[in-house]
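Down below is the structure, laid out as structure tokens.
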Amino acid sequence: MERGNFVSKKILLLDGNSLAYRAFFALPLLTNDNGIHTNAVYGFTTMLQKLLEEEQPTHMMVAFDAGKTTFRNEAYKEYKGGRQKTPPELSEQFPYLRKLLDAYQIKQYELDNYEADDIIGTLSLQAEQAGDQVVVVSGDKDLTQLASNSTVVYITRKGITDIEKYTVGHIQEKYGLTPLQIIDMKGLMGDSSDNIPGVPGVGEKTALKLLAKYHSVEGVYEAIEDQKGKMKEKLVENEELAYLSKKLATIERQAPVTVSIDELGYEGPDQDELVRIWNELAFKSLLEKLDYTAEETEKEDLHFDVLETVDASLLEDGMAVHLELYDEHYHSCELLGVSLASDKATYVIPMEVAAQSEALRTWLESGSTKKYMSDSKAATAAFLRNGIKIDGVDFDLMLGAYIVNPSLKYTDLADIVREYGYSDVSTNEQVYGKGAKKKVPEAAILQEHMARKARAIFNVRPVVVKKLEENEQFDLYDKLELPLAKVLGQMESLGVKVDRQQLAEMGVELKRKLEMIEQEIFALAGQEFNINSPKQLGVILFEQLGLPAIKKTKTGYSTAADVLEKLEGKHEIIHHILMYRQLGKLLSTYIEGLLKEIHEDGKVHTRFQQALTTTGRLSSTNPNLQNIPVRLEEGRKIRKAFVPSEPGWVMVAADYSQIELRVLAHMSKDESLIEAFQSDLDIHTKTASDVFNVSLDKVTSDMRRAAKAVNFGIVYGISDYGLSQNLNITRKEAADFIERYLASFPGVQGYMTSIVDQAKKDGFVTTLMNRRRYLPDINSSNFNLRSFAERTAMNTPIQGSAADVIKQAMIEMDAALEREGLKSKMLLQVHDELIFEAPPEELDRLMKLVPEVMESAVELNVPLKVDIATGNTWYDTK
DNA sequence: GCTTGCAAA
DNA sequence: GAGAGTTTGCAAGCT
């Protein structure tokens, strides 16, 4: 038996002419060096690349229209009449398109007397009958009649890579029709682009109305007596035209196609040929991408020594050191070995040797021998598990590269150094494999990988340092991020004590409540279903119970909280679902999720990602301790489980008050905002008073709430739409608010304008401490991309500068605790707050010291203000 | 692996 | 003619 027959195929059928047309009109007229226009081929290529990546087809074909006349012209000689002649700028591109498809090794096909539609219709029918999956891609909505349970039709929406996916369900939803009724719709309304006449005077609306009732053209005429007046007249008069139009719009599914699906197998492109054609067409950006994703390139030979003992004389001042870890969970994963590189030599030290070596330990712990590393925090924390305290870290490649450009991903050393033109090191995925196949390779491969990493760090260091200096970012890197890495490493290694018992008890209670709510929901719904499935929930709410569907997602009804909140009061079940969601989130994420992360020492050891966010903030994983609930009381109780690690100690939480708006006041130099902070006013009340033009004591709670939302919006890069959603008001009212706000704070208005202008000019924005974020889309002609970049230009300096401030405070706080000889420990950072644990006898000193240090970390033209509180658990620090 | 939904600042 | 507040991490369902 041939197994091959049982492997399901995925067949991609493309409408070549239609897509080339779309691409041609969607893109500006590009030309290559020889003056050949390339926009249609380029658009086609980008679409093809995207389809290949996303769909992973096993079989492919591009169908083209053949010649001028088809069987349809025999039935109606005006078919496709009145069409504009293909522009010569497009015609000249077809030969290139053909060559391009040859390079991809994709089958092309055309058939005399038939259109591409018919070829696609015929093959998709064959595929369906064989039980294969088909994706049809075109710019022509006619093709949607081919949709079925195994065929999806993709129609380009705008541009060429934005695609609308027509499934049977989507067509039903959009038109209330089955795919075959699309033909009836064309029969009634016609299609001007193909010159299909239809019934004059019947458009989409009328056609859909008629079909909803009579189902087909035939059905309409069988019940023609139902119609009256002008409508009846039009229909009766044009009955023949309607049937003819239906016939013209029907895709032939039994065309005499001479290829079989088995001949369409797609094996991937002929890379060399593809590169040749892309070069000819001058597709630079595609070539660059290809370069980047290229498989293992040839590497320079690297000589290295594997050490069986470590001689202290080999360990110099100014070497690259790398600790190889099996995965990113450096608080728990296996340590695989150490490698070293200097200008003279490269060494690999197997882990069993490294762990025993006193010479290595002494050198690593010496503050006076400089070490060059990448992700020094990971290595520091992992070595600490073996009792080794690294000191003298003088360079961190990952952090340096992150400061140069925070928008890139810094998950793998190979990717980092490649940014600087160095490609002599493999990615971890290449060496270890991924998913279920991941494993430690044989010693020789592992050792070479480690050796190459140390070598890469050593060799790339000067390039990164130079770049940092050029950008005037060396201080940000060297005086802020590098010292912070050490502080964060200590915090992570120390960990936070979690009361397992407390969590477990809350879990039991939550489960009990959830079961009760579940029963009530089932009773109200009249049946049991999975409440956690948005799909099933959507059916219950919007079909069974008939509630109005307010918003849709790509895949169905939206059941998001903001949608459900609008339905509260319409049905009792809504309230229960919201409650179920809220408690379910607490149980799964915060009770069960957190319990899984508790180590043997009874603590959680988060990892602070220091080279991840584009704004300069930290993030926290395994577990994420930066999103422990606080707003709602039920969730806030989770914080009762975060306790001091020593008996009798207390938790201390210190948070910056309105740090982002203070930063905004500083950067915008807005007089009114500065004045407000200098007088220590409640900023939301002050805003409300200005915007609503009432005195401070006349501000109502609703006014303050609105003002607060506007302030948030300002910080995040506001749009009237976003604000209207937030406050549940009309867009007009929101726009009005924003206008009044900006009029009240002209400095802010000026700042927002100038920051966007500056971004357009420089291509990046900066923070207080010269952190950069590049905004390549700021001058884009695409509204969405450009708007997003503009909001980013407004938001990043604010959010990023606030991040700069607290990072500075953390470094100084760490130094202050050391200097004062305190036993109190800094445990966590949550964007604008720091969490400590402290012995009771140090409490008085700490309550004074922490605000002092935090408030003086950075000098702004408004005061920084810190609120501090203590308690027996994190929950109680309020 | 993607989508939806939701927790935080 | 639609688009449409920032930055994250995690869990569940579904394909």
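Just so it is clear, the model here is predicted, and its values are computed rather than measured. Lettering of chains follows the sequences in order, A, B, ..., and the numbering in each one begins at 1.
Donor-acceptor pairing under 3.5 Å, judged by distance alone, is present between the side chain of A/Asn627 and the base of B/dA7. Side-chain to base pairing of A/Arg631 with B/dA7: no donor and acceptor N or O lie closer than 3.5 Å to each other. The base of C/dA4 has none of its N or O atoms less than 3.5 Å from a complementary donor or acceptor on the side chain of A/Arg791.
The side chain of A/Glu592 approaches C/dA12 more closely than any other nucleotide in the set B/dG5, C/dA4, C/dA12. Closest to the side chain of A/Tyr716, from the set C/dT6, B/dA7, C/dT8, is C/dT6. When the nucleotides B/dT4, B/dA9, C/dC10 are ranked by their closest atom to the side chain of A/Asn622, C/dC10 comes out on top. The nucleotide whose nearest atom lies closest to any side-chain atom of A/Thr553 is, among B/dG5, C/dG9, C/dA11, B/dG5. For A/Ser588, counting side-chain heavy atoms from C-beta on, the closest listed nucleotide (C/dG9, C/dA11, C/dT7) is C/dA11. Side-chain proximity of A/Lys585 to the nucleotides B/dA9, B/dG5, C/dT8 is greatest for B/dG5. Minimum atom distance to the side chain of A/Ala560 is reached by B/dG5, of the listed C/dA11, B/dA8, B/dG5. Residue A/Asn532 places its side chain closer to C/dG13 than to any other of B/dA7, C/dT7, C/dG13. Distances from the side chain of A/Ser558 to the nucleotides B/dG5, C/dA12, B/dA8 place B/dG5 closest. Taking the side chain of A/Lys535 as heavy atoms from C-beta on, and the options C/dC14, B/dA8, C/dT7, the nearest nucleotide is C/dC14.
Base engagement by A/Phe712 is indicated by at least one non-hydrogen atom pair under 4.0 Å involving a base atom. Nucleic acid contact class of A/Arg581 (heavy atoms, under 4.0 Å, all strands): sugar-phosphate only. Within the nucleic acid shown, A/Gln536 comes within 4.0 Å of sugar-phosphate atoms alone, with no base atom in reach, counting heavy atoms only. Residue-level contact check: A/Ile628 touches the backbone only, with heavy atoms under 4.0 Å from sugar-phosphate atoms and none from bases. Looking at heavy-atom distances under 4.0 Å, A/Val630 makes contact with sugar-phosphate atoms alone, never a base. At a threshold of 4.0 angstrom between heavy atoms, the contacts of A/Ser620 are confined to the sugar-phosphate backbone, with no base atom among them. Within 4.0 Å of A/Thr614, counting heavy atoms only, lie sugar-phosphate atoms of the nucleic acid but no base atom. Within the nucleic acid shown, A/Leu612 comes within 4.0 Å of sugar-phosphate atoms alone, with no base atom in reach, counting heavy atoms only. Looking at heavy-atom distances under 4.0 Å, A/Thr559 makes contact with sugar-phosphate atoms alone, never a base. Backbone-only engagement by A/Arg773 is indicated by non-hydrogen atom pairs under 4.0 Å involving sugar-phosphate atoms exclusively.
Ionic pairing of A/Lys174 and A/Glu164 is present here: one or more N-O contacts between side-chain nitrogen and carboxylate oxygen are shorter than 4.0 angstrom. Salt bridge status for A/Arg639 with A/Asp876: absent, with no side-chain N to carboxylate O gap under 4.0 Å. Under the 4.0 Å criterion applied to side-chain N and carboxylate O atoms, A/Arg740 and A/Asp736 are assigned as salt-bridge partners. With respect to the salt-bridge test (charged N to carboxylate O, under 4.0 angstrom), the residues A/Lys596 and A/Glu592 do not qualify.
Here the C1' atom of nucleotide B/dA9 and the CZ atom of A/Arg662 are 16 Å apart, to the nearest Å. A/Phe608 places its CZ atom 16 Å from the C1' atom of C/dT7, with the value rounded to the nearest Å. Between the C1' atom of C/dT6 and the CG atom of A/Leu723 lies a distance of 15 Å, rounded to the nearest Å. Between A/Ile591 atom CD1 and B/dA7 atom C1' there is a gap of 13 Å when expressed in whole angstrom units. The nearest whole Å value for the distance from the CG atom in A/Leu537 to the P atom in C/dA12 is 17 Å. If you measure from atom CD of A/Glu328 to atom P of C/dG9, you get 12 Å, rounded to the nearest angstrom. Atom-to-atom, CZ of A/Arg786 to P of C/dA4 comes out at 14 Å; the value is rounded to the nearest Å. Distance, A/Lys552 NZ to C/dA2 P: 15 Å, rounded to whole Å.
Rounded to whole Å, the separation between the P atoms of C/dA4 and B/dT3 comes to 16 Å.
Between A/Asn530 and C/dG13, a side-chain N or O to OP1/OP2 separation shorter than 4.0 Å is present. Residue A/Ser619 places at least one side-chain N or O closer than 4.0 Å to OP1 or OP2 of C/dG9. Taking only side-chain nitrogens and oxygens, A/Ser533 comes nearer than 4.0 Å to OP1 or OP2 of C/dC14.
Of the residues in residues 793-808 of chain A, none has a non-hydrogen atom less than 4.0 angstrom from any atom of DNA chain B.
Under a 3.5 Å cut-off, the side chain of A/Gln609 and the backbone N or O of A/Thr621 do not form any donor-acceptor pair.
Residue pairs meeting the side chain to side chain donor-acceptor pair (under 3.5 Å) criterion with at least one partner in residues 716-725 of chain A, sequence neighbours excluded, are absent.
Between A/His599 and A/His331, the two ring planes are perpendicular [angle over 60°; tilted spans 30° to 60°].
The salt bridge (Lys or Arg N to Asp or Glu O under 4.0 Å) search around A/Arg771 returns A/Glu481, A/Asp804, not counting sequence neighbours.
Within 6.0 Å of NZ in A/Lys640 there are more than 12 heavy atoms belonging to other residues, nucleotides or ligands.
Under the side-chain contact (heavy atoms from CB on, under 4.5 Å) test applied with A/Phe642, the options A/Leu625, A/Thr873, A/Ile835 reduce to a single match, A/Leu625.
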